[in-house]
Amino acid sequence: MAIILGAVFAVFALAYLVDWIASAGDVPRGTRVAGIDVGGMNADEAERVLRDRIGPRTDSPAAVQAGDVRAGVTPTSAGLSVDWDATLKRVRDQPINPLTRLFSPFTTRTVDVVSVVDDAALARSVDKLSAVIDRKPLEGSVRFEGAKPVGVTAVPGQVLDVAGAKAALIDEWANGTTIELPVDVVDVTVHDSAVDKAVAEVAGPAVAADVVFTGRDGKSATLKPDQVGAVLSFAPDGSGGLAPQYNRDAAAALLAPQLASTEVMPRDAEFAVDTGFVRVIPAVVGDMVVWPKTLDQLPALLSNSGPRTVAATYEAVQPAFTTAAADAFGIREVIAEYTTGGFEYASGVNIRKVAEVVNRAIVKPGDTFSLNGFTGPRGTDQGYIESGIIDHGRPARAVGGGISQFATTLYNAAYFAGLEDVDHTEHSYYISRYPEAREATVYEGAIDLQFRNNTPTGILIETVATGSDVTVRIWGTKAVEVESVTGDRYAQTAPRTITLPKGDDCVASKGAPGFTTSNTRIITDRITRQEVYRHTRTVKYDPVPIVKCE
């Protein structure tokens, strides 16, 4: 028996040795790499086959599946490539186990590709995949199609398992098959049963009939079933159900216009200027529907299977500026006025327009009046036209030209009213119809005229513009007297000559010399005659250039 066993072992050993020698330098039988069968090939042939088959896969998008999302990733962009030396070493390794060699013709030996990994590139690619794959859970809810409530089915969310995704891409990118990427499922809190309950118990009854709010004078406002969707929505209640949400602003927007004719709007007190005096136009107390209170009953009405009608709630609404406040303003008399004239037609159009806007402006004690801020834009859309301006030291034309004359008139009225000069800018060169060193220019968005009401009473600005002049009156309670002292001219400068191409852009000018002068404003108390303020402002006027159009 021992002899027989020894003989068998010897035969088996000889066969093992012969097989070992015969397969030396070849790929073991049954070997597959990335789905490619290279078993029994010599090493060189196996390398050629693998490079030919796997190599192109590095530049072709590999399909990935993550939950219910399909996407693709290109291995080279993800920093993945083949470590050929390590991979081929694995492929060539012959099994030592005799049983493995014995059964190799009937089995498959799978060899994984060894990857070279650029960690930073792989991380960037996985981040891009996350942006596509990740989604928040969509809770079950209710929406409205006209007057019909419709349940919205919940959809769980998912988040890509980043570490698992990286490992799967490294291990499987070369296989040429779809790569399953692991995801973490984010469950919803509101399931279909809660949606069905919200439809049956809240949304369905809400659209069952009109909801009516009765007002005065036989008027009413109706919320119709097909409008309920703009008012009623649902949100998770934190306990697996849906809580109704009522948008009262949206409800008021639908209902308020229907009862607007039954309301009295509050109106602020105003001032009317009559010949020689100012009178107060009394304020009007409003009587308005208070929609926040009225709509307190909306949830109960929408769920009511019986009557769905309720009276709107009205309340008095005080005006922002009451009659008492207007009376207390102390606007009783003209405290200063100023008139300028001598403008051409186009400038007159603009002057009358801006005067109309500013007329009856009120400035409260302590407030600052800004001409640019009060009028807003002054363009063609607002009714202004093209007229003369000063552009870079020479005459030109632009929309809104001439408004500086109104600014000068307003500035002088404020000046003689004793109001505080906050900001003003003189013209770059002197214009003879204006007082020296006591005038102002404006330019929308850049140069403004501002003064502060430094009196204890309110002031009203009255404007009167005709075809030949403009007057500004400041109304209030006179408390001071103002004196203006203009200094002598000095440091005169000669004009330069500019020659421009003849055309619409060239406005000829004879020019005028520049000079420096000053103005001193002296303010005294009207009752005590004591001086309370003195200020001297020095102004340098540039020479008006001589412009020739040739």
Side-chain angles (χ1 to χ4, degrees), residues 23-97 100 104 107-137 156-187:
S23 61
D26 291 343
V27 175
R29 291 182 294 271
T31 299
R32 292 179 67 84
V33 183
I36 303 167
D37 188 358
V38 292
M41 294 182 183
N42 65 53
D44 291 341
E45 183 183 6
E47 179 177 356
R48 179 184 59 77
V49 170
L50 292 176
R51 286 183 180 272
D52 288 348
R53 298 281 298 278
I54 297 176
R57 294 178 184 174
T58 60
D59 295 317
S60 299
V64 299
Q65 182 81 38
D68 56 5
V69 176
R70 290 184 65 86
V73 59
T74 302
T76 51
S77 299
L80 299 172
S81 59
V82 180
D83 183 340
W84 285 109
D85 290 340
T87 300
L88 292 172
K89 183 177 182 303
R90 284 186 178 183
V91 170
R92 290 192 297 264
D93 282 348
Q94 289 283 348
I96 298 175
N97 189 318
T100 300
S104 61
T107 59
T108 298
R109 170 178 174 254
T110 300
V111 175
D112 294 328
V113 169
V114 180
S115 296
V116 177
V117 182
D118 180 336
D119 291 332
L122 180 60
R124 287 193 296 270
S125 290
V126 172
D127 285 345
K128 291 179 180 179
L129 287 172
S130 293
V132 175
I133 293 166
D134 293 357
R135 69 163 182 267
K136 294 180 179 179
Q158 63 180 25
V159 178
L160 182 66
D161 177 349
V162 172
K166 289 179 180 179
L169 289 171
I170 292 171
D171 292 343
E172 302 177 38
W173 71 267
N175 293 345
T177 57
T178 299
I179 305 169
E180 295 286 342
L181 302 184
V183 295
D184 296 321
V185 176
V186 183
D187 198 9

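Numbers here simply count residues along the sequence, with the first being 1. The basis for the numbers below is simple: all heavy atoms, side chains too, and nothing from hydrogens, waters or symmetry mates. Note that the coordinates shown come from a computational prediction; the quantities given were computed from them, not determined experimentally.
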Kindly compute the distance separating CG (Asp161) from CG (Leu181), expressed to the nearest 0.5 Å. 9.5 Å
Specify the closest pair of heavy atoms between Leu129 and Gly72, including all atoms of both residues, with the distance to one decimal. CD2-O, 4.2 Å
Considering all heavy atoms, the nearest Ala43-Arg92 contact: CB-CD, 3.5 Å
In the structure I gave you, are the side-chain heavy atoms of Val91 and Met41 within less than 4.5 Å of one another anywhere? no
Measure the spacing between CG of Leu160 and OG of Ser130 and express it to the nearest 0.5 Å. 4.0 Å
Between Arg135 and Val69, is any pair of side-chain heavy atoms under 4.5 Å apart? yes
Might you point out which heavy atoms bring Pro28 and Arg109 nearest each other, and give the distance in Å? CG-NH1, 3.5 Å
Salt bridge Asp118-Arg124, side-chain N to carboxylate O under 4.0 Å: no
Do any N or O atoms from the side chain of Gln158 and from the backbone of Ala66 form a donor-acceptor pair under 3.5 angstrom? yes
Ignoring hydrogens, what is the shortest heavy-atom contact between Ala78 and Ser125? Give both atom names and the distance. CA-OG, 3.2 Å
Please tell me if the side chains of Val73 and Leu80 come closer than 4.5 Å, counting only heavy atoms from C-beta onward. no
Heavy-atom distance under 4.5 Å between the side chains of Val33 and Val38, does that happen here? yes
So does Gly39 get a backbone contact from the side chain of Asp37, meaning a donor-acceptor N/O pair under 3.5 Å? yes
Before giving the answer on side chain to side chain contact (heavy atoms under 4.5 Å, CB included), spell out for Arg70 and Thr178 the whole-Å C-alpha distance, their side-chain angles and the decisive distance to 0.1 Å. CA-CA 9 Å; Arg70 290 184 65 86; Thr178 299; 3.8 Å; yes
With side chains defined as the heavy atoms from C-beta onward, is the minimum distance between Leu50 and Trp84 less than 4.5 Å? yes
Closest non-hydrogen contact found for Ala34 with Ala174 is CB-O, 3.4 Å
Between Arg32 and Thr110, is any side-chain donor less than 3.5 angstrom from a side-chain acceptor? no
Check this for me: Arg53, atom CZ, are more than 12 non-hydrogen atoms of other residues, nucleotides or ligands nearer than 6.0 Å? no
Just so I know, are the side chains of Ile179 and Asp171 near enough to count as touching, which here means a heavy-atom distance under 4.5 Å? no
Is the closest side-chain heavy-atom distance between Val64 and Trp173 below 4.5 Å? no
Minimal heavy-atom distance between Pro75 and Ala62, with the atoms involved, is CD-N, 4.5 Å
Please identify which of these residues, Ile36, Asn175, Val49, Thr87, meets the side-chain contact (heavy atoms from CB on, under 4.5 Å) condition with Ile54. Ile36
For Gly55, is there any backbone N or O sitting under 3.5 Å from a side-chain donor or acceptor partner on Thr58? yes
